[in-house]
Colleague: 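I'd like to ask some things about the structure below.
Protein chains get the first letters and strands the later ones, always in sequence-line order, with residue 1 at the start of each.
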Amino acid sequence: MGDIGKPLRETERPAPVRTPPPEPVPQREPLAPAKPAPVKAPAGRSPLHDARAPNA
Amino acid sequence: MSAEPVAQPLVGFRRWGAMRGGLYSGIFVAGKFLPNPALGMVAPRAPQRPWPTDYDRAAKCFALRGHDAPFSACNCGWAAYYTLAEEPDMPGHECAWGAVVAWGTIIECESGFRAEYARPLALLDRRHPDDIRERGKRLTNAAEAYAIPLLDRTELLAYAAWHGEVRAA
């Protein structure tokens with residue numbers, strides 16, 4: 001280190017808080033188009049279920 | 001001189017000799033880095049130690065009749081400048097510039113300060129053009145050892161200011 005000049009004042013300072021500085025928010029990838037919601041089967045017994053029934 | 005309490009740590013900029021991941025205090029003479037010449041004068045065989053990576057070491061004075069560091073009538077303490085030049089000088093291959101945060105007792109001088117405690121905050125991404133040692137990774141090795149970022153000047157100034165007071169010279 002080179003010359004920093006004559007003393008001007010003496011201070012007493014607190015220790016730094018050890019928390020990481022805020023980081024820039026990362027750019028998010030554009031979201032993929034939403035998939036269509038699955039078609040819900042109508043309530044009740046399905047024809048397939050009926051076909052597998054033992055006494056159909 | 002009685003110590004005036006100030007609410008914030010102080011931020012400064014300084015250069016080290018960077019070798020094998022360690023940041024050493026010292027001087028550059030004719031392009032050659034001499035680590036800690038004050039210690040070398042009072043204890044020539046004492047091993048040179050880099051700034052610690054994992055704890056905060058209090059400054060020491062190597063004068064024969066020592067005193068607590070920093071002392072206003074001495075040159076002891078962790079030293080740094082208030083400002084960072086646009087293009088800081090690179091007097092040797094080992095030269096590494098960076099930002100420090102300082103606290104405890106601080107002697108504030110005209111263009112810089114000497115502190116009781118200081119630790120590196122970040123390194124400036126500026127290397128000596130002829131430096132080929134450590135496979136060109138001298139600064140990267142030091143940044144990794146101290147777990148600090150390697151930043152360009154603009155980013156370094158902003159990053160340093162987040163950690164404490166930045167004084168104008």
Side-chain angles (χ1 to χ4, degrees), chain A, chain B residues 1-16 25-28 56 70-75 77-82 89 91 100-119 121-122 147 149 155 158-165 167 169:
Chain A
M1 286 289 300
D3 183 29
I4 57 172
K6 294 176 185 170
L8 299 177
R9 67 171 184 164
E10 184 175 331
T11 55
E12 188 70 33
R13 293 172 179 263
V17 180
R18 284 184 177 270
T19 52
E23 290 184 6
V25 178
Q27 292 283 330
R28 292 185 66 177
E29 297 274 332
L31 294 175
K35 289 181 181 175
V39 179
K40 211 170 183 181
R45 294 167 74 94
S46 72
L48 181 63
H49 185 273
D50 289 341
R52 287 181 183 172
N55 297 319
Chain B
M1 207 185 302
S2 63
E4 173 189 337
V6 179
Q8 269 190 307
L10 185 58
V11 162
F13 306 92
R14 60 164 290 138
R15 72 181 175 214
W16 294 273
S25 297
I27 58 172
F28 290 86
D56 300 317
F71 186 63
S72 61
C74 188
N75 287 323
W78 304 118
Y81 299 107
Y82 295 128
D89 61 326
V100 296
V101 60
W103 67 97
T105 304
I106 300 182
I107 308 290
E108 300 185 20
C109 304
E110 291 165 324
S111 57
F113 60 84
R114 293 182 282 109
E116 182 181 5
Y117 292 97
R119 67 178 157 85
L121 284 175
E155 288 175 325
Y159 189 83
W162 193 88
H163 288 81
E165 180 187 348
R167 278 194 52 182

Colleague: Answer with side chain, backbone, both or neither: which region of B/Ala7 has an atom nearer than 4.5 Å to a non-hydrogen atom of chain A?
Modeller: backbone
Colleague: Just by distance, no angles: are the side chains of B/Ser72 and A/Glu10 close enough, under 3.5 Å, to form a donor-acceptor pair?
Modeller: no
Colleague: Kindly compute the distance separating CD (B/Glu110) from CD1 (A/Ile4), expressed to the nearest 0.5 Å.
Modeller: 9.5 Å
Colleague: What residue, out of B/Glu165, B/Arg15, B/Glu116, has the most heavy-atom pairs lying under 4.5 Å from chain A?
Modeller: B/Glu165
Colleague: Measure from the side-chain N and O atoms of B/Tyr82 to the backbone N and O of B/Gly112, and report whether any donor-acceptor pair falls under 3.5 Å.
Modeller: yes
Colleague: Applying side-chain contact (heavy atoms from CB on, under 4.5 Å) to B/Tyr117 and B/Val101, what does each step give before you reach the verdict?
Modeller: CA-CA 8 Å; B/Tyr117 292 97; B/Val101 60; over 6 Å; no
Colleague: Is B/Phe113 close to chain A through its backbone or its side chain, or both, or neither, when contacts mean heavy atoms under 4.5 Å?
Modeller: backbone
